[in-house]
Protein chains: 2
Amino acid sequence: MSQEGVGVDLETSLGYLLKEASSALRAAMEEVLRPLGMSVTHYSCLELLAQRPGLSNSELARGAFVTRQTMNVLLQTLERDGYVTRPAKAPVGKALPTRLTPRGRRSLEKASTAVRSIEAKMLTRLTETEQSDASRILQSMIHSLHRDNKDA
Amino acid sequence: MSQEGVGVDLETSLGYLLKEASSALRAAMEEVLRPLGMSVTHYSCLELLAQRPGLSNSELARGAFVTRQTMNVLLQTLERDGYVTRPAKAPVGKALPTRLTPRGRRSLEKASTAVRSIEAKMLTRLTETEQSDASRILQSMIHSLHRDNKDA
DNA sequence: TGACTCATGTCAGCATTCTGACATAGGTTC
DNA sequence: GAACCTATGTCAGAATGCTGACATGAGTCA
């Protein structure tokens, strides 16, 4: 495995570990979503809509961590296939509030169950305390990364 | 911001937080690497080679969390532009050990500095204890996700 | 009112990554 | 040796996501 430890700090780099964990999670999600004919972004969009009905395209994009252009393409497909609906005219501004159709809700059910089992699997060896530690630490990382360092 | 809390557990989902943190890290890395004309995968490849000279294409792919086809395309570009070298003939098997050229090493230096500053920024508000907690917890998650549940 | 700024939806083109496929090198088992 | 399995490098095509660009709607400020 070419594992001669030559001043390697990849194993101890939290950035690398974060990427590795996220990659493993995504791979596991893709594995269970593929049989359902659903991609991770596809699932994320439906899950967001189930928990927050009426989100606009741009809001969904931010929630799924893709650009609004990417989400727009996905929404057009989901709308064409009858998973979501959007009004033809924006009630206010340009934002079009999106909602799940019964079909979309049904489709999400199995996917949601599968994904939750993945998340449970990920946490099997962690105590309650460790899980709340993880939550707090990850939120701190997110906050620090988003913060603009404009203080000279 | 459409934040009416309707049975939402996205904020408390560790899977979602993991994706959010990873996304923020990647965005921050892209931001500092773009001026250097380097993508995240591009940087990852060079960093891996600096720390473990002689890695093959497939090993680099696994280390950078992409497919070996993707890494192959990248390596061909890096080789053409003189950042890495590979022998024309495999010394054993088919694996071609890859190494950084002086130019590749120089190019990596600035990028490595920039990326380490991002990682430091990410950890600013975390204590030593929290950082080692994070390391242990992330490794547990990775282990659990990779483990095949074949035990009936 | 008019100019400015900002967020949004959307179209088009490009970049990146992936899946599928094939041939080859090495090891294992009989 | 032969059959088999696995890992590797590589080519080709498809899928996915991104950047650039434009027009529109709403709020701000003079």
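So you know, we letter chains A, B, ... as the sequences are listed, proteins then strands, and number each from 1.
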Original post:
B:Leu60 CG to C:dT17 C1': how many Å, rounded?
Top reply: 16 Å

Original post:
How long is the line joining NE2 of A:His42 and P of D:dA15, in whole Å?
Top reply: 16 Å

Original post:
What is the nucleic acid contact for B:Ser56, judged by heavy atoms within less than 4.0 Å: base, sugar-phosphate only, or nothing?
Top reply: sugar-phosphate

Original post:
When the nearest nucleotide of DNA chain D is assigned to B:Asn57 and to A:Lys89 on a heavy-atom basis, which residue is associated with the more 5' position?
Top reply: B:Asn57

Subject >> Selected nucleotide, minimal atom distance to B:Ala95 side chain, candidates D:dT10, C:dT8, D:dG9 >> reply: D:dG9

Subject >> Value in whole Å for how far the P atom of C:dA25 lies from NZ of B:Lys94 >> reply: 7 Å

Original post:
For the side chain of B:Val66, counting heavy atoms from C-beta on, which of C:dC18, C:dA23, D:dA26 is nearest?
Top reply: C:dC18

Original post:
Looking at the side chain of A:Thr41, which of D:dT24, D:dG17, D:dG9 is the nearest nucleotide?
Top reply: D:dG17

Original post:
Under a 4.0 Å heavy-atom cut-off, which of residues 67-78 of chain A touch DNA chain D?
Top reply: A:Thr67, A:Arg68, A:Gln69, A:Thr70

Original post:
Within this structure, what is the CG-to-C1' distance between B:Leu96 and D:dA7, rounded to whole angstrom?
Top reply: 13 Å

Subject >> Lys/Arg-Asp/Glu bridge criterion (N-O < 4.0 Å) met for B:Arg125, B:Glu130 >> reply: no

**OP:** Respond yes when some side-chain nitrogen or oxygen of B:Ser58 is under 4.0 Å from OP1 or OP2 of D:dG9, and no when none is.
**Re:** yes

Original post:
Rounded to the nearest Å, what distance is computed from the CD atom of residue B:Glu31 to the C1' atom of nucleotide D:dC18?
Top reply: 16 Å

Original post:
Taking NZ from B:Lys19 and P from D:dG17, how many angstroms apart are they, rounded to a whole number?
Top reply: 9 Å

Original post:
If you take all heavy atoms of B:Leu96 and B:Arg86, which pair is closest and at what distance?
Top reply: CB-CD, 4.0 Å

Original post:
Could you state the CZ-P distance from A:Arg34 to C:dC18, rounded to the nearest angstrom?
Top reply: 11 Å

Subject >> d(CE, A:Met38; C1', D:dA15) in whole Å >> reply: 17 Å

Original post:
So, is B:Arg26 near the phosphate of C:dT16, with a side-chain N or O under 4.0 Å from OP1 or OP2?
Top reply: no

Original post:
When you check the phosphate oxygens OP1 and OP2 of D:dT8, does a side-chain N or O of B:Arg62 lie under 4.0 Å from one of them?
Top reply: yes

Can you give the donor-acceptor pairs under 3.5 Å from side chains of residues 37-47 of chain B to other protein atoms, not counting sequence neighbours?
unit_1: B:Ser39; atom_1: OG; unit_2: B:His42; atom_2: N; d: 3.1
unit_1: B:Tyr43; atom_1: OH; unit_2: B:Glu47; atom_2: OE1; d: 2.7
unit_1: B:Ser44; atom_1: OG; unit_2: A:Lys19; atom_2: NZ; d: 3.3
unit_1: B:Ser44; atom_1: OG; unit_2: B:Val40; atom_2: O; d: 2.8
unit_1: B:Glu47; atom_1: OE1; unit_2: B:Ser112; atom_2: OG; d: 3.1
unit_1: B:Glu47; atom_1: OE2; unit_2: B:Gln51; atom_2: NE2; d: 3.0
unit_1: B:Glu47; atom_1: OE2; unit_2: B:Arg116; atom_2: NH2; d: 3.4

Original post:
Got a salt bridge between B:Glu30 and B:Arg26, using NZ or NE/NH1/NH2 to carboxylate O under 4.0 Å?
Top reply: yes

**OP:** Answer yes or no: are there more than 12 heavy-atom neighbours, outside B:Glu31 itself, under 6.0 Å from its atom CD?
**Re:** no

**OP:** Find out whether A:Thr70 and A:Leu74 are in side-chain contact, i.e. whether some heavy atom of one side chain is under 4.5 Å from a heavy atom of the other.
**Re:** no

